[in-house]
Amino acid sequence: MRRFDALLADYGTFHRTRGNILCHALGIGLIVFGILSLLHGIPLFGAWTASEALLAAALLFYGTLDVPLALAVVACAAPLDLAARAVHFWPVGAAAFVLGWIFQAIGHGVYERNSPAFFRNLVHLLIGPAFLVHEAMRGHGRAAPGSPISRT
């Protein structure tokens, strides 16, 4: 089993209920938007900000695990980055970040009744977005025939 498959499988053991996965879909989206919004206020060069640097780092990290999934994760994050540019108001990003973590807590406390996966392995903070994109690409548990993302 590849390392990435093991990470997805381990993360999945903490996220089995539909309610928790829905809370995570909302929560992780808000957290990513919030982080990108906050980083958007840090200019690097030209039109590039720290938010785009984070997306490039994410592409590299996820690319070491699974290239098609890396492209899909960044493709999902790109609209959030564009939204962060459009909003360009850090309190909105901070509020989204906090609200996202509230959704995470609801998912684990109400639906899953367990602690978050990152309590056991901090790498799971990075696996969360990939897990959601992976599940979406698999068709919520059923991989399409011939899909490159059909291993777990």
Side-chain angles (χ1 to χ4, degrees), residues 1-12 14-15 20-108 112 115-141 143-144 146-152:
M1 178 181 271
R2 293 179 335 144
R3 179 175 181 253
F4 185 53
D5 295 331
L7 286 168
L8 285 175
D10 187 44
Y11 188 88
F14 291 81
H15 305 87
N20 190 27
I21 291 173
L22 290 174
C23 283
H24 276 60
L26 284 168
I28 289 173
L30 286 166
I31 290 167
V32 170
F33 171 79
I35 291 170
L36 293 173
S37 294
L38 295 169
L39 291 177
H40 187 59
I42 304 170
L44 295 179
F45 53 90
W48 290 86
T49 68
S51 64
E52 288 81 29
L54 177 64
L55 289 178
L59 181 63
L60 289 174
F61 171 74
Y62 293 126
T64 66
L65 300 172
D66 187 275
V67 173
L69 186 60
L71 295 172
V73 170
V74 172
C76 291
L80 296 174
D81 187 52
L82 292 174
R85 279 184 175 271
V87 171
H88 195 57
F89 188 56
W90 74 265
V92 172
F97 182 82
V98 171
L99 185 59
W101 282 107
I102 290 169
F103 274 108
Q104 302 283 71
I106 290 169
H108 281 285
E112 201 73 38
S115 61
F118 73 86
F119 281 9
R120 192 174 80 193
N121 183 348
L122 286 176
V123 173
H124 285 304
L125 287 170
L126 299 172
I127 297 302
F131 176 82
L132 291 174
V133 172
H134 180 261
E135 289 296 301
M137 290 174 72
R138 288 178 48 196
H140 305 289
S147 169
I149 310 296
S150 60
R151 291 178 295 277
T152 60

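All residue numbers in this chain count up from 1 along the given sequence.
To the nearest 0.5 angstrom, Asp10 atom CG is 11.5 Å from Arg3 atom CZ. Atom-to-atom distance recorded for Glu135:CD and His24:NE2 is 12.0 Å, nearest 0.5 angstrom. Between the CD1 atom in Ile102 and the CG atom in Leu26 there is a gap of 12.5 Å [rounded to 0.5 Å]. Interatomic distance, CZ of Phe33 versus CG of Leu99, reported as 11.5 Å (0.5 Å rounding).
Residues Asn20 and His108 come closest through the heavy atom pair OD1-N, 3.4 Å. Listed here is the closest heavy atom pair of Tyr11 and His124: CD1-ND1, 3.4 Å. The two atoms that bring Gln104 and Ile28 nearest to each other are NE2-CG1, 3.5 Å, heavy atoms only. Among all heavy-atom pairs drawn from Val32 and Pro129, the shortest one is CG2-CG, 4.5 Å. Minimum interatomic distance between Cys23 and Phe103 (heavy atoms only, all atoms of both residues): CB-O, 3.3 Å. Shown here for His15 and Ala117, the closest heavy-atom pair between the two residues is CE1-CB, 4.1 Å.
Within 6.0 Å of CH2 in Trp101 there are more than 12 heavy atoms belonging to other residues, nucleotides or ligands. By the 6.0 Å contact criterion, CZ on Phe89 is open, its count of non-hydrogen atoms from other residues, nucleotides or ligands being 12 or less.
Phe4 has its side chain within reach of Leu69: a pair of non-hydrogen atoms, C-beta onward, lies under 4.5 Å apart. Between Ile21 and Leu132 the shortest side-chain heavy-atom distance falls below 4.5 Å. Within the 4.5 Å cutoff, the side chain of Ile127 has heavy atoms near those of the Leu65 side chain.
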| request: Kindly determine whether Leu126 and Tyr62 satisfy side chain to side chain contact (heavy atoms under 4.5 Å, CB included), including the steps that lead there. | output: CA-CA 9 Å; Leu126 299 172; Tyr62 293 126; 4.2 Å; yes
| message | Working note: Leu71 + Leu59, criterion side chain to side chain contact (heavy atoms under 4.5 Å, CB included); need CA distance, chi angles, decisive distance, verdict. | response | CA-CA 7 Å; Leu71 295 172; Leu59 181 63; 3.9 Å; yes
| request: Under the side-chain hydrogen bond (donor to acceptor under 3.5 Å, both in side chains) rule, what do Asp66 and His134 come out as? Steps first, then yes or no, please. | output: CA-CA 10 Å; Asp66 187 275; His134 180 261; over 6 Å; no
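When the options Ile35, Leu55, Leu36 are evaluated for a side-chain contact (heavy atoms from CB on, under 4.5 Å) with Leu80, the one that passes is Leu36.
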Pairs of donor and acceptor atoms involving the side chains of residues 43-53, under 3.5 Å and at least two apart or interchain, shall be tabulated with distances.
| unit_1 | atom_1 | unit_2 | atom_2 | d |
| --- | --- | --- | --- | --- |
| Thr49 | OG1 | His40 | ND1 | 3.4 |
| Thr49 | OG1 | Ser51 | N | 3.2 |
| Thr49 | OG1 | Ser51 | OG | 2.7 |
| Thr49 | OG1 | Glu52 | OE1 | 2.5 |
| Ser51 | OG | Asp81 | OD1 | 2.9 |
| Glu52 | OE1 | Thr49 | N | 2.7 |
| Glu52 | OE1 | Arg85 | NH2 | 3.4 |
| Glu52 | OE2 | Arg85 | NE | 3.1 |
| Glu52 | OE2 | Arg85 | NH2 | 3.1 |

